[in-house]
Asker: 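Just dropping this structure here.
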Amino acid sequence: MSTDERTGLRKFFDRLTASDSELDAEALQRESAKCGAMPAGQCSRGQVVSVSGRLRTVAYTPRTNLPTLEADLYDGSDVVTLVFLGRRSIAGIEPGRQLTARGRIAIRDDRKVIYNPYYELEAPR
C-alpha cells in the first residue's frame, strides 16, 4: 500500500470515529478559512482581526450604568466574545446564527473579547 492510500484510509477512519462536535468544529474551521477569517485560536490581544463562525450563546447582561449584549462566537478553534455596549438586543444576533465579525481583540477574564464589532450576518442555512 502506498503512503497516499494509507493517508486517505487513515483520514477515513479518523472521520468515522470522530464525535459530532469534532466534525462540526472541522466544518466551522473550513468555512472560516474559506471566507479569509483568522482562526480565533491564533488571535492575540491588540490585533485587529476578522473572525467568522457560529454564535453559541447570546445573553443580555444588565450593568449598573450600561446594558450590554454578549455573544460567544465559535469558529471551531476557540471562542471570541462579542460585546455590544449599550444594547439590549440586536435583530439577527441569536444562537446558531453564522456571522463574520471584525474588530480589535481584547482580553477580559482570560477570554478573548471584541467590543462593538463590525459584523455581517450570513444567510441562514
Side-chain angles (χ1 to χ4, degrees):
M1 208 184 289
S2 74
T3 306
D4 292 337
E5 290 173 1
R6 230 180 248 183
T7 305
L9 191 59
R10 176 53 125 182
K11 286 181 185 178
F12 172 75
F13 283 117
D14 286 346
R15 290 188 58 78
L16 190 62
T17 59
S19 68
D20 288 340
S21 61
E22 291 171 335
L23 294 174
D24 187 42
E26 287 177 16
L28 283 171
Q29 288 176 18
R30 279 193 306 273
E31 290 173 20
S32 177
K34 267 195 242 180
C35 71
M38 177 180 265
Q42 296 177 6
C43 297
S44 60
R45 188 178 87 200
Q47 282 184 311
V48 176
V49 298
S50 176
V51 290
S52 182
R54 183 179 305 133
L55 293 177
R56 278 186 164 177
T57 61
V58 177
Y60 166 65
T61 309
R63 303 276 185 205
T64 54
N65 297 346
L66 188 66
T68 61
L69 184 68
E70 296 186 6
D72 287 341
L73 181 71
Y74 179 64
D75 74 344
S77 67
D78 201 0
V79 175
V80 174
T81 302
L82 309 177
V83 178
F84 300 93
L85 300 171
R87 303 296 300 263
R88 288 184 169 85
S89 66
I90 299 173
I93 302 292
E94 55 198 27
R97 192 68 188 259
Q98 295 279 131
L99 67 84
T100 300
R102 286 184 298 279
R104 187 174 303 274
I105 294 285
I107 302 294
R108 183 183 74 183
D109 300 328
D110 293 328
R111 295 175 49 191
K112 296 173 185 173
V113 176
I114 300 177
Y115 290 97
N116 292 327
Y118 294 100
Y119 65 93
E120 296 174 12
L121 297 171
E122 296 180 17
R125 297 173 198 192

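Any value given below was found using the heavy atoms of this structure, including those in side chains, with hydrogens, waters and symmetry copies removed.
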Asker: Minimum heavy-atom separation for I93 to A71, with atom names?
Answerer: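 The answer is CG2-CB, 4.3 Å.
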Asker: Charged N to carboxylate O under 4.0 angstrom, R111 versus E70?
Answerer: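 No, R111 and E70 are not salt-bridged.
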Asker: Mind checking what makes salt bridge (charged side-chain N to carboxylate O under 4.0 Å, His left out) contact with E120, not counting sequence neighbours?
Answerer: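 Testing E120 for salt bridge (charged side-chain N to carboxylate O under 4.0 Å, His left out), a comparison that skips the adjacent residues, returns R102.
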Asker: So which heavy atom on L69 is nearest to which on R88, and how close?
Answerer: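 Scanning both residues, the minimum pair turns out to be CD1-O, 3.6 Å.
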Asker: State yes or no: do Y115 and V48 share one hydrophobic cluster built from I, L, V, M, F, W and Y residues joined by side-chain heavy-atom distances below 4.5 Å, directly or via other members?
Answerer: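 Hydrophobic grouping puts Y115 apart from V48.
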Asker: Does the pair L73 and D75 meet the rule for a side-chain contact (heavy atoms from CB on, under 4.5 Å), with working shown?
Answerer: CA-CA 7 Å; L73 181 71; D75 74 344; 5.8 Å; no
Asker: For residues V113 and Y60: do they belong to one hydrophobic cluster (side chain heavy atoms under 4.5 Å, members Ile, Leu, Val, Met, Phe, Trp, Tyr)?
Answerer: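 No: no chain of side-chain contacts under 4.5 Å links V113 to Y60.
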Asker: So do the side chains of V58 and P95 get within less than 4.5 Å of each other, counting heavy atoms only?
Answerer: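 Yes - at least one pair of side-chain heavy atoms lies under 4.5 Å apart.
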Asker: Hey, does K112 have a side-chain heavy atom less than 4.5 Å from the side chain of T81?
Answerer: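 No, side chains not in contact.
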Asker: Sequence neighbours excluded and cut-off under 3.5 Å, please list the side-chain donor-acceptor pairs for residues 38-47, or say none.
Answerer:
unit_1, atom_1, unit_2, atom_2, d
S44, OG, Q47, OE1, 3.4
Q47, OE1, S44, N, 2.8

Asker: Taking the hydrophobic residues Ile, Leu, Val, Met, Phe, Trp and Tyr, and joining any pair whose side-chain heavy atoms are under 4.5 Å apart, which ones share a cluster with Y118?
Answerer: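 For Y118, no cluster forms, as it stays isolated from other hydrophobic side chains.
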Asker: Can you find a pair of side-chain heavy atoms, one from L82 and one from Y119, that are under 4.5 Å apart?
Answerer: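 Of all side-chain heavy-atom pairs linking Y119 with L82, none is under 4.5 Å.
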Asker: Quick one: closest heavy-atom pair of N116 and F84, and the distance?
Answerer: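 For N116 versus F84, the nearest heavy atoms are OD1-CA, 3.4 Å.
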Asker: Minimum heavy-atom separation for V83 to R108, with atom names?
Answerer: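 Closest approach of V83 to R108: CG2-NH1, 4.1 Å.
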Asker: List the steps, then state whether side-chain contact (heavy atoms from CB on, under 4.5 Å) holds for L99 with E122.
Answerer: CA-CA 5 Å; L99 67 84; E122 296 180 17; 5.5 Å; no
